[in-house]
Each structure stands twice: as structure tokens, then as C-alpha cells.
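Since the structure comes first, as C-alpha cells, the remarks are kept for the end.
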There are 2 protein chains.
Amino acid sequence: MSDQIITRMRNWITNCGLTEGARLPAERSLCADLGVNRTELRKALLVLEAEGHVTRHVGRGTFLAKVSKSGKSGRIDSTISALSESTSPIDAMNARLVVEPQIAQLAAMHATPKHLQDLRRLTTQMRDASTWARYEELDGEFHEVIADAAGNTLLQAVHKIINRVRLVVVWRKIDTTASGPRADYHSFAEHDAILDALERRNGSDACAAMRAHLDSTLTAMTTPHGT
Amino acid sequence: MSDQIITRMRNWITNCGLTEGARLPAERSLCADLGVNRTELRKALLVLEAEGHVTRHVGRGTFLAKVSKSGKSGRIDSTISALSESTSPIDAMNARLVVEPQIAQLAAMHATPKHLQDLRRLTTQMRDASTWARYEELDGEFHEVIADAAGNTLLQAVHKIINRVRLVVVWRKIDTTASGPRADYHSFAEHDAILDALERRNGSDACAAMRAHLDSTLTAMTTPHGT
DNA sequence: GCAGTCCAAATGGTCAACCAATTATACCTA
DNA sequence: TAGGTATAATTGGTTGACCATTTGGACTGC
């Protein structure tokens, strides 16, 4: 499919080290380098031209237009805003339930001492959080550290996307006037269980503990939060 | 300039009164209506396809895309090119192993008769594929239909991202000169097993069958492909 | 040495015939 | 009549030769 060629060309452009305004290799040599025929390459170039990334002139060649080499985060941002328009809160939580337990399982294998140390620090800080906003911030960091510990950059990115879509989609129902989580807040013990499994390098326990944690959160979210 | 044709096509689409999923006139008649030759029209259609506004199928025609999908794909593309720079082939396959089995499990619950019918058709077509490229295309569609059947737009998007990053990252090692998969190709039975579990609405079986399929593919990928 | 000219090579663009997939239709058989 | 099968028509996709433009160097004349 030519869709793939377009992606490869985008990739090539960002990696070829050419600055804006530079001339690309001729079509006939470029398609030999990439191992595709000229028609496929021209299809990709046409799309890139329509997007404004390159300009082409007969007899002269193809040139890079001014492409802002924005970092990954900016592009992920636009993905998130697009996805959040068509995702329901339930979908977001279910997606989290699909990915995070297995991320925890991988983290049990690959977590470094630094990761475990950070997680221990975070569990302590969460217990001391005086506001819900502060707690949420620490909780998000807790999950991000685990995703990082899994050692898979693609899964880490997926985790980031899912969680940020979730933050956009599920509106905070937490009473922001409250002072903070009580000492017996259920998530404390659940976080401890996850961390304990990670320290024991027990992947299946970590997976189960993470699933229990998310289930518990989902239940709390869908239940009216009276006492 | 073909830029103008693209604009005219955009206007034509918005004014023609066709609803989403409707079929456009055939290229040969459309380019007569618009007074342009087929090459120019096809350039415009290619851009519109890359933008996600239309989809095209050999022998069937060109169709207006679902509006929910339009606009997202282009942005997902840039996300993919960014991610593929920092993802290893092993990471890509592992990410697939994390997400797809559970997607299959959800699909067992939510698949519509239409989904199952499409999957049955695809399994047949894959057996008849005369080239590896054709088989890969159908296989990709098979997995996409399952992701769609899971009924979770966020998971579907995640699945799409992972698979397209994988396509960029793991370079095709398949001998493109070969005629196509043999009749006893292992994936045939594995696809059948997945489809069978989906038709029986058995989520755990579907999950296991998908995992077995991906494991098998991963093994084949990492093993030198002698006989 | 220099300006001008010409021409060949290289480049992106175009076209018509052909290919492959799909669908519609006619036809046959039970 | 129902259903299957072969066949033709339709559709989007591909290919290779060819076209139009630009560039750069060789050549010429002064």
C-alpha cells in the first residue's frame, strides 16, 4: 500500500539530515534507494507536496519546504485532541485496562533500581498529599514511571496517549474542595501491592495488582461517591 | 496546476449531496464531467485518500469516508513517523502482543454479523492470494476488522498506530519474488481458529488464538526463513 | 579571457495501453 | 425455481515509453 511509502518518505525526510530548501535526490535515484518503483514514489511525493512539505520543479528537482521539526510531543498532542473527540469515557478506561496490566507485567522484568526507588518515593508522597490535585499529579507520575520501566518505547507512547485522552474525556468528578485522600483511601494499598510485585520481579502478580487497581478506580468512578 | 483540481474535487464532494459511505462516480466518467483527464483526477483523488476523505477499492469504486475518520489519519501519520524513529522491531511486535489478544477478546463480545462475514471472506481470499504483497494486504485488513469489531475507538486507534509503526520498523524480509503463501501456511489455520472463537463468542479462546497467531508470526520472523 | 550559443543530459510531468479485482449477468443444472 | 458457475463488463491500479523544462558544459568567435 502506498500509505506506507508516504510514511517512509516522511521518515526519510526527517532523518536525511537535509535542511529546508535543500534539494532531494532525483526521483529515479530515490526510488532505487528506497526500493520502490517510480510511480509509488511519485504518489508519496504528490501527497507531501499537497501537504506543503516539498516543492517540485520540472528540470530542477524536488526541494524541501520549510518544515518545522517539532518534537514528538507536539505531534502526539494533536493526535490526542483528535482522538478525544470520538472516545467515550468507558472506552478510555477499558483501553487503559487492556494496556496497563501488561505494561506492569513487563515492568516487573525490566524495572531498574532507579525506577523502584522513584515508585517508593511516590507512594509515600501520595499518602502525604494534602489536595486531590496534588494526589492526581503524583498518581499520574506513578503510572508513567511504570510505563517507562516496561522498557518499550512504543508501549510507553501508547500508554501516554491513552492516559491523556482519558484525562480529556473523563471529566474530573472529584470534589476539588475536599482536603485530599483519607488515610484509608483504597488506592494506597493497591499501589503498594503493585510496587511489591515489581520489587519481587513477579510479572503475573504485578499484572493482577494493576488490574485490580484499575478495576477499583473504575468502580469508584461509576458509583455515586457518597459515603 | 493540479492544486486547483484538488480544490474543485473538494467542492464537488461537499456539493454533490452524497452522504458518508456513498459511492462516487467512476473515475472515467467523473473526469469527463469535470473536464480533466484521468491522470489529473487521480492525483486529486490520491490526496483526498491520503487525507482520509475517500477510500478506494479496485473493481468496486471510490467511496466517501466516514466523517469520524476524516482528519484523524493525517495526524496519526505524523505520530507514526515520530514513533518509528525510536522503536525497535522487537518493541513493535511486543506491543502488538500486548494489545491485539485483548482486542480479540473484546471483539468476541461485540462483533456484528457484518464483521464476521467480512472476516470469513478475508480468510478465503487470503488462501487464494497469489502474491505475498496481496496476502499481507488482506492479513492487515483481517486484523483491522477485528480491531473495529472490538467497538472501542481508542483501542482501534492504538491498534492502528502500533501496526503502522510496526510496518515501518520491521523491514519486509519476505521474498517478494515468491509466488505467495503455500496451502499449508501456518497462518491460515491460526486465522481460522481466531474466527472460530469469535463466531462462538468465546472471548478467552479468541484471546488465546490471537496470541498463538502472533507468537507464531514472531517466531517465523526471528527464524531464518529456510525451508 | 570572455560572452554567447548550442546541445546533451537530467529532471519532473504526461499519456495510453494494459493489469487485476470486483461485480453483474447469462446460463446451466438439479 | 434455487443455486451454482462461467463469462463479460466495470472499476481502480500499474507500467513503460515519451514529453517539456532546466541545467551545465563544451564549443565558437571575438
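Residue numbering restarts at 1 for every chain, and letters A, B, ... go by the order of the sequence lines.
- Partners of A/Thr55 under the side-chain hydrogen bond (donor to acceptor under 3.5 Å, both in side chains) rule, at least two apart in sequence or in another chain, do not exist in this structure.
- Rounded to whole Å, the distance from CG on A/Leu41 to P on D/dG16 is 15 Å.
- Contacts of B/Ser88 classified as side chain to side chain contact (heavy atoms under 4.5 Å, CB included), with partners at least two apart in sequence or in another chain: B/Ile90, B/Asp91.
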Under 4.0 Å protein heavy-atom contacts per nucleotide of nucleotides 15-22 of chain C, with B for base, S for backbone only and - for none: B--B-BBS
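- Taking atom CZ on A/Arg56 and atom P on D/dA20, their separation rounds to 19 Å, with Å as the unit.
- A donor-acceptor pair shorter than 3.5 Å can be found between the side chains of A/Glu100 and A/Asn163.
- Atoms CD (A/Glu27) and P (C/dG13) sit 6 Å apart, rounded to a whole Å.
- Between C/dG12 and A/Thr62, a contact under 4.0 Å exists linking OP1 or OP2 to a side-chain N or O.
- Distance CG (A/Leu46) to P (C/dG13): 9 Å, rounded to an integer number of Å.
- A/Glu141 pairs by the salt bridge (Lys or Arg N to Asp or Glu O under 4.0 Å) definition with A/Arg121, not counting sequence neighbours.
- A salt bridge does not link B/Asp215 to B/Arg211: none of the charged side-chain nitrogens sits closer than 4.0 Å to a carboxylate oxygen.
- Taking the six-membered ring for Trp and thresholds of 30 and 60 degrees, B/Phe142 and B/His191 have ring planes inclined between 30 and 60 degrees apart.
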Would you list the atom pairs, donor with acceptor, under 3.5 Å between side chains in residues 56-63 of chain B and any protein atom, with sequence neighbours excluded?
| from | atom 1 | to | atom 2 | distance (Å) |
| --- | --- | --- | --- | --- |
| B/Arg56 | NH1 | B/Glu27 | OE2 | 3.2 |

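- Between the C1' atom of C/dG13 and the NZ atom of A/Lys43 lies a distance of 17 Å, rounded to the nearest Å.
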Every protein N/O within reach of nucleotides 6-9 of chain D N/O, cut-off under 3.5 Å:
none

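- In this model, the phosphate group of C/dG13 is approached by a side-chain N or O of A/Arg42 to a distance below 4.0 Å at OP1 or OP2.
- B/His115 and B/Thr112 are linked by a side-chain donor-acceptor pair at a separation below 3.5 angstrom, with hydrogens and angles left out of the test.
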